[in-house]
Amino acid sequence: MEESIKYLKEQFELGELDIRTCSPVVLAYIGDAVYELVIRTVLVCRGGRQANTLHKRASSYVKASSQAAMIEALQEDLTEDEMQVYKRGRNAKTVSMAKHATMHDYRHATGFEALMGYLYLTDQMKRMIDLVKLGLEKTGGTP
């Protein structure tokens, strides 16, 4: 997974992406998918379960309230750049809101997803995984 973005860029002949020009909502869009893939991978590799059970477990980690709890636990561990990305995501204007989340959780979750997208798109998978592990540890989560 460490080389995934480089591999995609090579295979699809993609140019470099200037992350500073990406909107925080776009970063959150990719970050949501990457974070969910990380959680699903961990769940599958930890033992064979039925797909329905896997989905329920994964959903409990990727819902807005869980992501908001993770980022709140991680804030003191973020670098200055990571905190800026998180804040940009958290403060982004969106036209919709999750059905089962408070505005507080939704905004913090969007910031968390933007951070995950930023780390992925800047080839910082190790840092992303380290933060996810730390966040799970601090919030008592074990996928």
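Quick note: residue numbers are just sequence positions, from 1.
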Sequence neighbours excluded, every pair satisfying side-chain hydrogen bond (donor to acceptor under 3.5 Å, both in side chains) that has a member inside residues 21-33
none
Taking side chain to side chain donor-acceptor pair (under 3.5 Å) as the test, write out the residues that go with Arg40, two or more places apart.
Glu36
Using the side-chain contact (heavy atoms from CB on, under 4.5 Å) criterion, which residues pair with Asp81? Sequence neighbours excluded.
Thr79, Gln84, Tyr118
Mind checking what makes side-chain contact (heavy atoms from CB on, under 4.5 Å) contact with Ser60, not counting sequence neighbours?
none
Report yes or no: do Val26 and Ile30 belong to one cluster of Ile/Leu/Val/Met/Phe/Trp/Tyr joined by side chain heavy-atom distances under 4.5 Å?
no
Which pairs with one or both residues in residues 60-76 pass salt bridge (Lys or Arg N to Asp or Glu O under 4.0 Å), sequence neighbours excluded?
Glu76-Lys138
Who passes side-chain contact (heavy atoms from CB on, under 4.5 Å) against Lys56, sequence neighbours left out?
Asn52
For Asn91, check side chain to side chain donor-acceptor pair (under 3.5 Å) against everything at least two apart and list the hits.
none
Distance-only, no hydrogens or angles: does the Gln67 side chain make a donor-acceptor pair with backbone N or O of Val62 under 3.5 Å?
yes
Return the set of residues passing side-chain contact (heavy atoms from CB on, under 4.5 Å) with Ala68 (not counting sequence neighbours), or none when no residue passes.
Asp105, His108
Distance (rounded to the nearest 0.5 Å) between Gln75 CD and Leu78 CG
7.0 Å
Taking every non-hydrogen atom, the tightest pair across Ala69 and Thr139
O-CG2, 3.6 Å
For Tyr35, which residues count as a ring-ring contact (aromatic ring centres under 6.0 Å, His included) partner, sequence neighbours excluded?
Phe112
CD of Gln124 to CG of Leu115, rounded to nearest 0.5 Å, is 9.0 Å
How many angstroms lie between atom OG1 of Thr41 and atom CZ of Arg46, to the nearest 0.5 angstrom?
11.5 Å
